[in-house]
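Read through the structure below, which is laid out as structure tokens, and then see the notes.
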Amino acid sequence: MNKRLDEQFEKVLAVYPKAKGYAYVLMEGPTQVLEQKMVSISPVDNTKILKEITDLLKTHTPQALILEDTNGKFSRKGGRGKQLIRSLCLSAKYLGISVYSYAREDIRFVFEIWRAKTKYEIAEVIAKNIKGFEMLLYPKPKYPGSQKYLTALFDAVSLGITHYYKTT
């Protein structure tokens with residue numbers, strides 16, 4: 001970490017939309033998770049998700065909203081996910097909250113320090129370094145491309161960690 005122990009980190013909300021909802025983490029430093037949650041919405045409704053995340057921004061008043069850069073080489077977001085991310089950006093900016101986006105390449109670059117490249121290897125690093133996440137680590141997927149339910153929560157944390165490493 002680049003900051004001294006007596007310095008405070010900005011509070012950020014990292015959100016990772018997924019096929020059937022979203023995951024979010026409220027962080028105050030690369031290893032300090034204040035709140036985390038997986039939210040499933042059926043049927044999936046961008047309007048409902050946008051309202052819920054806007055309410056989170058109003059409640060927690062973070063200095064920044066952290067999202068996935070959907071223009072990245074490894075982004076697999078469809079049209080609905082991309083539209084949701086655009087709407088979240090507008091909502092945060094309307095509330096005066098800074099928005100940062102990081103591509104999967106940025107995340108891989110940051111986690112290269114721990115020789116972690118895949119989503120599962122990154123999740124292992126997070127589980128070892130953030131209190132409470134060791135019990136959330138899912139078994140290693142047997143097939144490439146198959147993802148477990150909790151993957152989105154680890155993706156949200158990896159976005160937050162990437163933000164701290166890129167901005168401090």
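Counting begins at 1 with the first residue of the sequence.
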What distance separates [X] [atom1] from [Y] [atom2], expressed to the nearest 0.5 Å?
X: Tyr16; Y: Thr151; atom1: OH; atom2: OG1; value: 8.5 Å
X: Leu67; Y: Leu13; atom1: CG; atom2: CG; value: 8.5 Å
X: Gln32; Y: Leu26; atom1: CD; atom2: CG; value: 10.0 Å

Can you name the nearest heavy-atom pair linking [X] to [Y], along with the distance?
X: Pro17; Y: Ile85; result: CG-CG1, 3.9 Å
X: Ala23; Y: Ala156; result: O-CB, 4.1 Å
X: Val39; Y: Glu52; result: CG1-OE1, 3.7 Å
X: Ile130; Y: Pro30; result: CD1-O, 3.7 Å
X: Leu159; Y: Tyr102; result: CD2-O, 3.7 Å
X: His163; Y: Val12; result: CD2-CG1, 3.8 Å

Quiz item: Between Phe133 and Phe154, does the ring centroid distance fall short of 6.0 Å?
Solution: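 Between Phe154 and Phe133, which both carry aromatic rings, the centre distance is below 6.0 Å.
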Keeping the roles fixed (side chain from [X], backbone from [Y]), state whether a donor-acceptor pair exists under 3.5 Å.
X: Thr59; Y: Leu56; answer: no
X: Glu112; Y: Val110; answer: no
X: Lys11; Y: His60; answer: yes
X: Asn129; Y: Thr31; answer: no
X: Tyr164; Y: Glu10; answer: yes
X: Glu28; Y: Phe9; answer: no

Quiz prompt | side-chain contact (heavy atoms from CB on, under 4.5 Å), paired with Tyr24, selected from Leu153, Leu65, Val15 | solution = Val15
Quiz item: Does a sphere of radius 6.0 Å around NZ in Lys166 hold more than 12 heavy atoms from other residues, nucleotides or ligands, not counting ones at 6.0 Å or beyond?
Solution: yes
Exercise. Could you give me the CA-CA distance, side-chain angles and deciding distance for Arg86 and Gln83, then say whether side-chain hydrogen bond (donor to acceptor under 3.5 Å, both in side chains) is met?
Key: CA-CA 5 Å; Arg86 284 191 295 271; Gln83 180 56 49; 3.0 Å; yes
Exercise. For side chain to side chain contact (heavy atoms under 4.5 Å, CB included), just list the numbers for Ile107 and Glu68, CA-CA rounded to whole Å, side-chain angles, deciding distance to a tenth of an Å, and then say yes or no.
Key: CA-CA 10 Å; Ile107 295 168; Glu68 178 184 1; over 6 Å; no
Quiz item: Hey, are the side chains of Arg104 and Ser158 touching, using non-hydrogen atoms and a 4.5 Å cut-off?
Solution: yes
Self-check item: Note, Lys51 side chain near Thr47 side chain (heavy atom, < 4.5 Å)
Solution: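 Side chain of Lys51 against side chain of Thr47, heavy atoms only: no contact under 4.5 Å found.
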Exercise. Look at the rings of Tyr120 and Tyr138 and say which category their plane angle falls in: under 30° parallel, 30 to 60° tilted, over 60° perpendicular.
Key: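 Plane angle over 60°, so perpendicular.
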